Amino acid sequence: MSTFPHAVNDSATMLRRNLRHLRRYPAMVMMSLGVPIVMLLLFVGVFGSAMGAGVTGAVHDGDYIDYLVPGIVLMTAGYGSQSTALAVNRDMTEGIIARFRTMPVFRASVLVGHVGAAVIRTVASAVLVVLVALLLGFRPAADPVGWLAAAGLLVLLVLALTWLAVAIGLAARNAEGTSGFVLVVQVLPFLSSAFVPPDSMSGPVRWFAANEPFTPVIDTLRGLLAGTPVGGSAAVAVAWCVGLAVVGYLWARALFRRDPVR
Amino acid sequence: MTTTAPQPAVRATGLRKSFGDHVVLDGIDLEVAQGAVFALLGPNGAGKTTTVQILSTLIRPDGGDVLVAGRDLARDPEGIRAAIGVTGQFSAVDDLLTGRENLVLMADLRHLGRAAGRRRADELLARFDLVEAAGKPAATYSGGMRRRLDLAMTLVGDPRVIFLDEPTTGLDPRSRRTTWQVIRGLVADGVTIFLTTQYLEEADELADRVAVLDHGRVVAEGTPDELKRRVPGGHVLLRFADTTALAAAAAVLGDAPRDEDELTLQVAGDGGVRALRDLLGGLDHAGVEVAELSIHTPDLDDVFLALTGQATTVKESVR
């Protein structure tokens, strides 16, 4: 009996399980979708013209919404990873995971199921956010290749955040234990080029915003969607995503291999 | 390996496990014959759950050899997993899925195939009286229903060895009876059962063999009857209001052991109605007033008290 088909079968079974959770409890999707959409409305409708006056012209041609959307998409990915950390943590603290561990099941399938469902959920959320943005006047100038590249980068970013979230969910003793991670993914977009260019910030904040991982990802997405050259930020963005994904994966794997403590 | 003597379903030798400085299992040996019901009896913190977790491949032992269903734990944990079913102390159901989806999930993970898996799920729903609740999320189930679903999930893959960690803790008496019936049914199918319990009554009721675990050591092992034989037999305990009454009763009852401080007399006997009537009639006839009477039948409780120095339950008493 070869183990490869089992690995695929078991992972598919676990993915079905996680997707069924989503279908049954769409509240989780709604929550991770709600905040980015509110932000979008807030920054377009309320702060839009004031922010736009400062941003457009200086570094960006066109409407402020065209500047804003990549950051909001990234926030969507961040909020999605929060749900992932919580879902993994809930799974680990309930008895069902102990049952899986005493069954002849491909070990990593539990994590693969979570990661697969999280990527599907988060990418779907991001697509919805982009659709809302299009209704609000977002006018990207990207060609099909640009869209494809943007989608690829988004998936890569979601993968990186998801593996990190899985590791956090495994490491935390309870749901409250994931709150540190939640705070980081909530705050990082504000200290990045999501809403205003880092050049307009001051001192250490500017340095941080220019060098944190979200900024190159946002800049690259923005360039791809606007159809403008992305320069060196693409390579930096991909490197960050791959690096974080690998770290998250290795960390999660090590945590999952531990004997469970109860 | 010879095939003449049937191999035990579970064999553990020198099993050790510590969490930090805390020694939980201090070298225990266990052997469970195929098709038997084995009860690991002990108070909270004795190491029962840890033993089950090790035998069911959930956690690794620090030392010792384990053989389950003929597979070696260190070399072939996956082989053990294919042969066992585990129902832990905490319910291991997926709250967000319905009862039926939980069972189908187990069937899929056991690779039963689509049609066979669904058939098995429906069969178990009927057997565990969950047909009506099959389409509801497990989160809405009562405690007893969750336990039943939990046990049903354990049975999906037709395991040959089943571990049950305190299967009836926290259940109402009716659900407990139902669980016992299910366990007896499994035994009839030739399944080996390894269960842990704090209830002496449960071990007595179900088990062929009982091991008493205390502070990480097996302090006694044998059939429930063998264990009962190790403690003093049944008696009726009579208490009197004063030494005069005690002396008068002692005169009537002859050489029954007496306790002057406690004002009690211990009369050998099983506490049956006829024997009691004769006993009390004799005392009444002699004009002796009995202040209090308690019937003491030997059970695993006495074994426990004798072996570990810890009482576990309160005796029934008649006043």
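Owing to the predicted nature of the structure, the values given are computational and were not obtained by experimental measurement. By convention in this document, chain letters (A, B, ...) are assigned in the order of the sequence lines, proteins followed by strands, and residues within each chain are numbered from 1.
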How far apart are the closest heavy atoms of Ala175(A) and Leu86(A), and which atoms are they? CB-CD2, 3.9 Å
Salt-bridge test for Asp94(B) and Arg20(A): reply yes if a basic N is under 4.0 Å from a carboxylate O, no otherwise. no
Which one of Leu97(B), Asn102(B), Thr49(B), Asp95(B) has the most heavy-atom pairs closer than 4.5 Å to chain A? Leu97(B)
Taking side chain as everything from C-beta outward and backbone as N, CA, C, O, which of these in Val86(B) sits under 4.5 Å from a heavy atom of chain A? Side chain, backbone, both or neither. both
With chain A, which of Thr57(B), Ile80(B), Ile84(B), Thr154(B) has the greatest number of heavy-atom pairs at distances under 4.5 Å? Thr154(B)
Could you tell me whether Arg110(B) and Asp158(B) make a salt bridge, using a distance below 4.0 angstrom between a side-chain N and a carboxylate O? no
Among the listed options Gln89(B), Arg81(B), Met153(B), the residue most often paired with chain A at heavy-atom distances under 4.5 Å: Arg81(B)
Considering only heavy atoms and a distance below 4.5 Å, find which of Arg16(A), Met14(A), Arg17(A), Arg90(A) pairs most often with chain B. Arg17(A)
Please classify the contact of Pro137(B) with chain A as side chain, backbone, both or neither, using a heavy-atom distance under 4.5 Å. side chain
Hey, which of Glu78(B), Met106(B), Glu101(B) has the most heavy atom pairs under 4.5 Å with chain A? Glu101(B)
Between Leu33(A) and the options Val38(A), Thr122(A), Val132(A), Val129(A), the side chain to side chain contact (heavy atoms under 4.5 Å, CB included) test singles out Val129(A)
Regarding Asp26(B) and Arg217(B), does a basic nitrogen lie under 4.0 Å from an acidic carboxylate oxygen? yes
Can you tell me which portion of Thr50(B) sits under 4.5 Å from chain A's heavy atoms? Options are side chain, backbone, both or neither. neither
Find out whether the Lys NZ or Arg CZ of Arg147(B) is both under 6.0 angstrom from the six-membered ring centre of Phe128(B) and within 45° of the ring's axis. no
Assert top hit (heavy-atom pairs under 4.5 Å, partner chain B, pool Arg99(A), Met103(A), His21(A)) equals Arg99(A)
Check Arg11(B) with Asp29(B), please: is the shortest side-chain N to carboxylate O separation under 4.0 Å? no
